[in-house]
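Presented below is the structure to which this report refers.
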Number of protein chains: 2
Amino acid sequence: MFKALADPTRRLLLDLLFSRDGRTLGELEVEVEMTRFGVMKHLRVLEEAGLVVTRRSGREKLHFINPVPIRLVHDRWIDKYTERHVAALVDVKNELESEHVDH
Amino acid sequence: MFKALADPTRRLLLDLLFSRDGRTLGELEVEVEMTRFGVMKHLRVLEEAGLVVTRRSGREKLHFINPVPIRLVHDRWIDKYTERHVAALVDVKNELESEHVDH
DNA sequence: ACCGTATGTGACCAGAAGGTCACATATCAA
DNA sequence: TTGATATGTGACCTTCTGGTCACATACGGT
């Protein structure tokens, strides 16, 4: 899941699918500086991570974004690191740059 | 940033620092099945990604978690994929399994 | 049936990433 | 200052990853 998000091309593909869902491989291919094989691999990674779901329509394969797992990351992981600190987080950066006294 | 989060060891290190901040390399080393060199590399990646900030204290180097960039991901990226879909997201999975009509 | 189009598979290669080690430097304490 | 402790550096190796290609299959239209 995190590994799927680690690659910029895959994030771009997610962005493309976010702006318009249900595209085929061919439609996505033209948007990226890469052969369709590379795109295929990336889509496969995204699909295995559950970030993208697909549906065949004839000889075409339609790709849809799946917000569920992203929501899970949001709920289970991101919040863990934000909620607890967010109160003291007026400007942690400044605090650190001046003098990191306590924490 | 995403690449920094992609490795399980680094997420573990973040977890450790989350539970208790300001640890030294040696303190973190004993928690992980790895030599200190490996841990050092991972901490370096986390630091370069801005997820961890450090402060020297004598011969020790203290590591602190930095919630700021995680918050940025939350605000700039995660929300983009959740907010828009979250209304129609009672159970997208079922919707897809039965028949993906529109979106 | 045939041709064009859309997608799939496996081999292959270069480079990045994860991990270890020998060696080096810096600090504390006696 | 001498020794023990804490961290740093560069070389090195192995495995994973990103990307391409030759070839194969599947479907649609005419």
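Scope of the values below: all heavy atoms of this structure, side chains included, with no hydrogens, waters or symmetry mates. Every chain is numbered from 1, with letters handed out A, B, ... down the list of sequences.
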Fill in: A:Asn66, A:Ile65, A:Leu5, A:Val45 screened by side chain to side chain contact (heavy atoms under 4.5 Å, CB included) with A:Leu51, the one that passes
A:Leu5
Could you state the [atom1]-[atom2] distance from [X] to [N], rounded to the nearest angstrom?
X       : N      : atom1 : atom2 : result
B:Lys41 : D:dT14 : NZ    : C1'   : 12 Å
A:Leu46 : D:dG18 : CG    : P     : 10 Å
A:Leu25 : D:dC27 : CG    : C1'   : 15 Å
B:Arg55 : D:dT7  : CZ    : C1'   : 16 Å
A:Arg11 : D:dG18 : CZ    : C1'   : 14 Å
B:Glu29 : D:dT5  : CD    : P     : 13 Å
A:Glu33 : D:dT20 : CD    : C1'   : 15 Å
B:Met34 : C:dC21 : CE    : P     : 13 Å

Does the side chain of [X] get closer than 4.0 angstrom to OP1 or OP2 of [N] through an N or O atom?
X       : N      : answer
A:Lys61 : C:dG8  : yes
A:Thr35 : D:dT20 : yes
A:Thr24 : C:dA6  : no

Item to complete: Just call it for B:Met40: base, sugar-phosphate, or nothing, with non-hydrogen atoms closer than 4.0 Å on any strand.
Response: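 Answer is base: heavy atoms of B:Met40 come under 4.0 Å of a base.
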Discussion item. Considering every strand and a 4.0 Å limit on heavy-atom distances, what is the contact class for A:Gly38: base, sugar-phosphate, or nothing?
Written reply: base
Are [X] and [Y] packed together at the side-chain level, in the sense that at least one heavy-atom pair is separated by less than 4.5 angstrom?
X       : Y       : answer
B:Thr24 : B:His63 : no
B:Glu47 : B:Lys61 : yes
A:Asp21 : A:Leu62 : no
B:Glu27 : B:Arg20 : yes

Distance-only criterion, 3.5 Å: show the donor-acceptor pairs between side-chain atoms of residues 30-43 of chain B and protein atoms not counting sequence neighbours.
from, atom 1, to, atom 2, distance (Å)
B:His42, ND1, B:Arg10, NH1, 3.1

Item to complete: Nearest 0.5 Å please: distance from the CG atom of A:Asp15 over to the OG1 atom of A:Thr9.
Response: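 One gets 11.5 Å once the value is rounded to the nearest 0.5 Å.
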Worksheet item: For the atom pair CG (A:Leu28) and CG (A:Leu17), what is the distance rounded to the nearest 0.5 Å?
Response: 5.0 Å
What does the list of N/O pairs under 3.5 Å between the protein and nucleotides 13-17 of chain C look like, with a distance for each?
from, atom 1, to, atom 2, distance (Å)
C:dA17, OP1, B:Lys3, NZ, 2.1

Fill in: A:Glu60/A:Arg56 salt bridge by N-O under 4.0 Å criterion
no
Worksheet entry | Reading 5' to 3' through nucleotides 22-29 of chain C, protein heavy-atom contacts under 4.0 Å coded B for base, S for sugar-phosphate only, - for none | BB---BS-
